[in-house]
Structures are given as structure tokens and as C-alpha cells.
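All values below were derived from every heavy atom in this structure, side-chain atoms included, with hydrogens, water molecules and symmetry-related copies excluded.
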Amino acid sequence: MTYRSDLLRLLDERGHLHQVTDATALDALAAEPGRSIPGYGGFDPTAPSLHVGNLMLIMLLRRLQQAGHKPIVLMGGGTAKVGDPSFKDEARQLLAEETIAANISSIKRIFERFLRFGDGPSDAVLVDNADWLDRLAYVPFLREVGQHFTISRMLSFDSVRTRLDREQSLTFLEFNYMIMQAYDFRELSRRFGCRVQMGGSDQWGNIVNGVELGRRMDGAELFGVTCPLLTTADGAKMGKTVSGAVWLHEDQLSDYDYWQFWRNTADADVGRFLRLFTDLPLDEIARLEALRGREINEAKQRLADATTALCRGRAAAEAAAATARATFAEGAAGETLPTLAVSGMIGVVDALVGLGLAASKGEARRLIAGGGARVAGEKVADEALVVEVGAEPVMVSAGKKKHGRLVRP
């Protein structure tokens, strides 16, 4: 489909679009001259930081603003007390209200790096759904809102059916989540004139519920937009590494580790990630993703620089790149680094000992347990990790100053 509006054209060109409830109508609305459409994305504050998996939605809101529309960041201070059951194997641990409040306070500053906040028509606002959910009276809510939901339809959604098909329990508390999320959309429509909800494709059913609830209760024309759930070229879930989640806050993941995560992107993913997670021009991205062999490293560094600058600031990106050059680019080329020839694969403990970075296997295990061992720039969390050595040397580090190379014979 060819889009008229800057909004849908931008989302489409950048690879953000997966599903739209009524693409033609939303495109026409967004193309109206001078119109700023409020759209929202929701984030449940289940930890002190968001992670790379949340970046797809954050970037959707950023694109919304870049196209001249108004992002609404909805913090789920109310829904976090219930827990989203979508595609989860078991119920989330319920958080204390004090923990939720602390998490919201910590997460807020992330959005200021990606969005412009203020009082203008396209300036972002941040709201908390606890402001209305905590005030709901149960019986009036059931009468007003519950009548618009049928159990059969709620059971038909993949997010619920998958859990039940596995014969895993689904509490009544969690079952209410989709009703609460739909109510959020209606409430934001009334309070802010919000017309669009954005989310991952796993939220499609919940988003459609909100669109329908707004139509049934208020006669409002609302829209849903989802982005694809992101996996890497090898099928792994985006943002998961041997060290765990890739956090957006620097107090939970260093600037260097964040930069290195993007620098380690697989060749096949570089172009897609440049479109999704940076503001680089599309013609420049086309040039970068066409690079082959060692030249693709230029694209990977541009990706790491741009994503880190967005999330952590330009100074952090430059410092991380400088550290990488000193530690890896310059060091890997030197003949003074310890080198171990490996045919195929080697356990990380054996690699540390073989390179002389640890005096014994026991010392290597203690190094790993203390978070001091790295392979290809990534912190090693599991002593059972097996390292595969290909055509390119693999850097192994103990602390910040001891490094070695694994090479093919």
C-alpha cells in the first residue's frame, strides 16, 4: 500500500509496521494538513529500567513525533499491580506499590532521551494509568465496561489461549488485564483526544479491544498500530544475550557494554537495525548495508554509535567507541596479545586458562562469577559457555586490562 501521510510512510519505510486496524482511514486522518494526532504506547514498570526489547515501542513513539504528532507515554502504575499475561508461562510476581512508584521514577528519564516533552501540540506527555484505575469502583466498572466483553471472545485471543493450551493457570486477576488496557485507551481518548494505540504484535488483541470499547462506549474512531516482534537473523529474541537483558539505564549496564551489544550485531541484521533504531538517512543506510566482508564493520560501528548516542548521549557513545578501539581494534592487531589456536570450539574456562588470563580453572570460574570475564565484548554469565572460533579472531578478556585472542590454527 502507498501511504499519503508522513506518519505511515515513515513507519513503513523504517520497517516499523506490522498491523494497522484501518490503514486507509488512519492514513487519511494523519495526512490532514496541520493535524497533530495523539497516540500512545504503554509500559509496565516491572523493573527500574526498560530494556532493548522496549526500544521498538519507544522508537514508534519517536517516529510519531518526528511526523508531527503527539506521543503519550503511558506508565502502567495501575496495570503493573495486575500483570500482563500475554504469552507468559506463569503469573508475574506481584509488586508492592512502593516498588512500582520507584520503578516509574527511575524509568521516566529514559523517555526524555528519545522524545521532546512540553506543552506544544506535538510535545510528548507522560501519564500514569493508576490516576484512573486506582479510583475505579468495582461494581460500577463491571456495569459500565464489563458488558462490552464476552468471555468467549476473550478466550479466543492467542495471549490467553496459549497459556490455557499449556494447561498453565491463569488467575482472574490477570484475566482482567485486557479489560483494563482497553479502558486505558478509552480514558486517554476522553482526556487527551488520543486516537492511536501503538504496541508489539503480541498486543494486537488487547489493542483491538480498546478500539472496540471506544467505539461502543463513545462512538469514537480509534486506531491500533503494531510493530513486529523483533528477532535476530538466527531466530533469537532481540535483546537477550549470554549476560541477560540489555538494559537502557547506564546504572544497570555500562555505556561500553551497551555500545558493544550493538557492535556485535550479526551482518544480516545491520541494515534492519539501522532503519529501526537510528535516525540515519535511508540512502546512507542502503550504502552501509551493502558493505561486505570486513567493510561491514563500518556499518556495525555506525549502528553502535547512533544507538548509544540516542540512549546514553553523544559523549557516552564516543567514549565507548574509543574504549573499543583501544581494547579491540588496536589490541587485536598487535602481536603482543596472548593467542590460542582453537579448532572449532572451546569452553570459556579452558580459554581463559589457555590464554594465561587465569592461573587455574578455579580462578577462571571465580572470575566469571564476579563478572570479570568477557568474550567478544560481552560479559560471560555462564561458566559452561562454549566459544566458537571462526575466520575472525575472538577476543577474550579478564577485567579491563588483560586480553587474549582465540584464532583458527
Exercise. Under the side chain to side chain donor-acceptor pair (under 3.5 Å) criterion, do Ser254 and Asp257 qualify, and how do the steps go?
Worked result: CA-CA 5 Å; Ser254 72; Asp257 285 340; 3.2 Å; yes
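- A salt bridge does not link Glu289 with Arg272: none of the charged nitrogens is closer than 4.0 Å to a carboxylate oxygen.
- Contact of the Glu144 side chain with the Met217 side chain is registered, since non-hydrogen atoms from C-beta on lie closer than 4.5 Å.
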Problem set entry | Val52 vs Tyr258, side chain to side chain contact (heavy atoms under 4.5 Å, CB included): CA-CA, chis, key distance, verdict | CA-CA 10 Å; Val52 161; Tyr258 188 80; 4.0 Å; yes
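- Note on Arg312 versus Asp255: salt bridge recorded, some NZ/NE/NH1/NH2 to OD/OE distance being below 4.0 Å.
- For residues 108-118, every residue pair satisfying the salt bridge (charged side-chain N to carboxylate O under 4.0 Å, His left out) rule, not counting sequence neighbours, is listed here: Arg109-Asp251, Arg113-Glu250, Arg116-Asp123.
- Considering only heavy atoms from C-beta on, Met345 stays 4.5 Å or farther from Val387 through its side chain.
- Rounding to the nearest 0.5 Å places CZ of Arg275 at 13.0 Å from CE of Met59.
- The CD atom of Gln66 sits 6.0 Å away from atom CG of Leu10, with the distance rounded to the nearest 0.5 Å.
- The NE2 atom of His18 sits 7.5 Å away from atom CG of Leu229, with the distance rounded to the nearest 0.5 Å.
- Across Thr308, Thr307, Asp305, Asn297, a single residue satisfies side-chain hydrogen bond (donor to acceptor under 3.5 Å, both in side chains) together with Arg263, and that is Asn297.
- Checked for salt-bridge contact, Glu187 and Arg190 miss the test: no charged N lies under 4.0 Å from a carboxylate O.
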Problem set entry | Derivation of the salt bridge (Lys or Arg N to Asp or Glu O under 4.0 Å) call for Lys361 and Asp350 | CA-CA 7 Å; Lys361 291 187 176 182; Asp350 292 333; 3.4 Å; yes
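- We find that Asp267 and Arg292 are not joined by a salt bridge, their nearest charged nitrogen and carboxylate oxygen being 4.0 Å or further apart.
- Ionic pairing of Arg366 and Glu363 is not present here: no N-O contact between side-chain nitrogen and carboxylate oxygen is shorter than 4.0 angstrom.
- Salt bridge absent: Arg9 and Asp27 never bring a charged side-chain N and a carboxylate O closer than 4.0 Å.
- Ring-plane geometry between Phe277 and Phe273 is classed as perpendicular, the angle between the planes exceeding 60 degrees on a 0 to 90 degree scale with a lower cut at 30.
- One finds the OG atom of Ser189 at 12.0 Å from the CD atom of Gln197 (value rounded to the nearest 0.5 Å).
- In plain terms, the two heavy atoms of Gly76 and Pro45 that are nearest each other are O-CD, 3.3 Å.
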For this session: Dump the intermediate steps for side chain to side chain contact (heavy atoms under 4.5 Å, CB included) on Leu60 and Leu11, then the final yes or no.
Result: CA-CA 8 Å; Leu60 272 177; Leu11 294 179; 3.6 Å; yes
Problem set entry | Criterion salt bridge (Lys or Arg N to Asp or Glu O under 4.0 Å) on Glu284 and Arg287, from CA distance to verdict | CA-CA 5 Å; Glu284 175 65 2; Arg287 182 190 73 81; 2.9 Å; yes
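- The side-chain heavy atoms of Leu340 and Arg405, taken from C-beta on, include no pair separated by under 4.5 Å.
- Pairing each heavy atom of His249 with each of Ile110, the nearest pair is CE1-CG1, 3.4 Å.
- Within the model, atoms CG of Asp6 and CD of Glu13 stand 9.5 Å from one another, a figure rounded to the nearest 0.5 Å.
- Closest heavy-atom contact between Arg186 and Asp218: CG-OD2, 3.4 Å.
- Remark: Arg195 fails to qualify as a cation-pi partner of Phe223 under the 6.0 Å distance and 45° angle criteria applied to the six-membered ring.
- Taking CG of Leu291 as the start and CD of Glu298 as the end, the distance is 5.5 Å to the nearest 0.5 Å.
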For this session: Test Leu61 against Arg63 for side chain to side chain contact (heavy atoms under 4.5 Å, CB included), laying out the working first.
Result: CA-CA 5 Å; Leu61 294 174; Arg63 304 301 184 207; over 6 Å; no
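- Aromatic rings from Phe111 and Phe117 are positioned such that their centres are separated by 6.0 Å or more.
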For this session: May I have the step-by-step check of side chain to side chain donor-acceptor pair (under 3.5 Å) for Thr226 and Gln19, ending in yes or no?
Result: CA-CA 5 Å; Thr226 65; Gln19 294 165 298; 3.3 Å; yes
For this session: Would you check, one step at a time, whether the test side chain to side chain contact (heavy atoms under 4.5 Å, CB included) holds for Ile368 with Val349?
Result: CA-CA 9 Å; Ile368 293 168; Val349 171; 4.0 Å; yes
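- In plain terms, the two heavy atoms of Leu74 and Asp128 that are nearest each other are CD1-C, 4.2 Å.
- For the side chain to side chain contact (heavy atoms under 4.5 Å, CB included) with Asn209, the qualifying choice from His148, Met178, Gln203 is Met178, the only one to do so.
- Residues Ile207 and Gly199 approach most closely at CD1-N, 4.0 Å, considering heavy atoms.
- By the side chain to side chain donor-acceptor pair (under 3.5 Å) test, Trp132 pairs with Asp184, sequence neighbours left out.
- When all heavy atoms are compared, the tightest approach of Val196 to Phe185 is C-CZ, 3.7 Å.
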Problem set entry | CA sep, side-chain torsions, deciding dist, call: Ser397, His403, side chain to side chain donor-acceptor pair (under 3.5 Å) | CA-CA 4 Å; Ser397 304; His403 311 287; 2.7 Å; yes
